[in-house]
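As structure tokens, the structure follows; a few thoughts come after it.
For the single chain, residues carry numbers from 1 onward in sequence order.
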Amino acid sequence: MFDVKKIREEFPILNQQIYGKPLVYLDNGATAQKPKSVIEIIDVLHNKLNANIHRGVHYLSEQCTEQYEQARGRICRFLNAASPREIVFTSGTTASINLVAYSYGQLSINQGDNVIVSEMEHHADIVSWQLVCAMRGAELRVLPFEDDGRLAVEKLPQLMDERTKIVCVTQASNVLGTTPDLKYVINVAHSAGVPVLVDGAQGVVHGGVDVRELDCDFYVFSGHKLYGPTGIGVLYAKEKWLEQMPPFMGGGDMVKTVTFAHTDYAELPLKFEAGTSNYIGAIGLGEAVNFLQGLDMTSVAEHENRLLQLATEKLSTIDGLRIYGNCPNKCAIVSFTVEGTHPYDLGMIMDKMGVAVRTGTHCAEPIMTHYGLTGMIRASFAMYNTEDEIGTLYDSVVKAVSMLR
């Protein structure tokens with residue numbers, strides 16, 4: 001049986017009160033809390049082992065370098081990548097997408113070409129490609145979703161043509177919870193020789209990924225949504241693409257030899273890791289992955305799904321409340337509005353009852369436009385949330401609505 005009480009003991013931040021009420025943290029889609037093992041390894045690094053990696057021959061540098069590369073190997077195995085050479089550390093999902101957009105864009109996207117993104121993408125996967133399309137004279141095309149939150153993947157073939165250069169799609173919508181049929185998308189794209197980038201920021205923590213089984217070309221995620229530190233993220237890319245793509249940034253550690261006439265770049269993956277990497281963040285992320293691999297992730301997924309179903313059932317009984325995204329197999333996210341109230345007002349009152357939710361556009365404004373809204377409330381669940389907390393969520397919404405009405 002999944003022991004949520006035991007899990008909660010690993011997360012110190014949860015044991016506190018907000019405005020005199022026990023904290024009910026339901027903003028995990030924005031950032032997850034950190035287990036003690038991650039907090040402790042970061043503390044040890046700062047106190048005893050801090051030194052720049054890949055540069056020094058002294059003990060501290062060698063220890064940090066070893067742990068940094070061990071973290072890369074651990075993440076490689078976690079994703080089932082073919083080689084650590086395919087794992088690039090970045091500052092997060094946004095940085096990973098921008099790296100691909102600019103580097104792959106410089107390699108492959110030209111005047112008259114097109115890039116396809118889904119209508120439910122995070123701004124990071126929209127704006128990055130908009131910028132590159134504007135610079136390269138290419139067109140941004142949009143794969144739509146239906147009102148129930150289902151991505152209309154069957155419309156992909158008619159959007160594609162011989163000038164399509166890449167397809168970009170989320171593994172799980174950070175607003176709707178939708179988990180699109182990625183295998184279909186990838187098969188359609190690959191049949192035309194088009195690579196696929198998958199935004200795994202939400203998906204990697206709700207179900208994980210096997211990048212070789214999925215056969216995506218690029219996969220990106222952030223450490224802080226995976227119970228790791230902030231300021232660290234990962235780009236997985238097939239080695240064939242990383243070999244062809246030019247560096248995104250220049251600087252130290254990504255070079256082999258430098259003269260004023262010519263520079264030879266370092267071997268993969270350092271070619272894409274210019275400057276001093278966030279080695280403490282990377283090691284912390286490696287520990288977060290180690291923490292997760294010590295759990296029964298099937299039981300974690302079942303627990304989160306129970307929370308999702310309970311929240312959906314209870315919230316649906318509230319008069320005037322509408323939940324957005326009702327597809328089967330969605331991840332543990334519930335976004336909603338309540339007729340006659342504003343999301344910000346609801347969220348502020350719920351906060352005073354100790355309930356932390358997200359309000360606004362959730363960095364996915366086209367989804368709001370689709371429904372004719374300016375914002376929603378989002379409750380996003382993690383392994384440490386409880387059924388009692390779902391009850392508190394329900395009670396807080398009921399009380400907030402009654403006050404506002």
Decide, yes or no, whether a salt bridge links [X] with [Y] under the criterion of side-chain N to carboxylate O below 4.0 Å.
X: K238; Y: D217; result: yes
X: K165; Y: E139; result: no
X: K330; Y: D148; result: no
X: E267; Y: K256; result: yes
X: K48; Y: D43; result: no
X: E389; Y: R8; result: yes

Side chains of D264 and H262, donor plus acceptor under 3.5 Å: yes
Are D215 and N187 close enough that a side-chain donor and a side-chain acceptor fall under 3.5 Å? no
Of all residues at least two apart in sequence or in a different chain, which pass the side chain to side chain donor-acceptor pair (under 3.5 Å) check with S37? E287
Below 4.5 Å, heavy atoms only, C-beta onward: do [X] and [Y] meet side chain to side chain?
X: Y384; Y: Y25; result: yes
X: Q67; Y: I41; result: yes
X: P84; Y: E69; result: no

Centroid-centroid under 6.0 Å between Y68 and Y279 rings: no
Kindly state whether the ring of F272 and the ring of F248 have centres lying under 6.0 angstrom apart. no
Derivation and outcome, side-chain contact (heavy atoms from CB on, under 4.5 Å), residues V300 and F2: CA-CA 7 Å; V300 170; F2 182 79; 3.6 Å; yes
Using every non-hydrogen atom in the two residues, find where M353 and K21 come nearest and quote the distance to one decimal. O-CB, 3.5 Å
Consider side chain to side chain contact (heavy atoms under 4.5 Å, CB included). Of V24, L310, L315, which one does L393 pass it with? L315
Which label fits H370 and F145: parallel for a plane angle under 30°, tilted from 30 to 60°, or perpendicular past 60°? parallel
Contact list for residues 169-185, test side-chain hydrogen bond (donor to acceptor under 3.5 Å, both in side chains), sequence neighbours left out: Q171-Y219
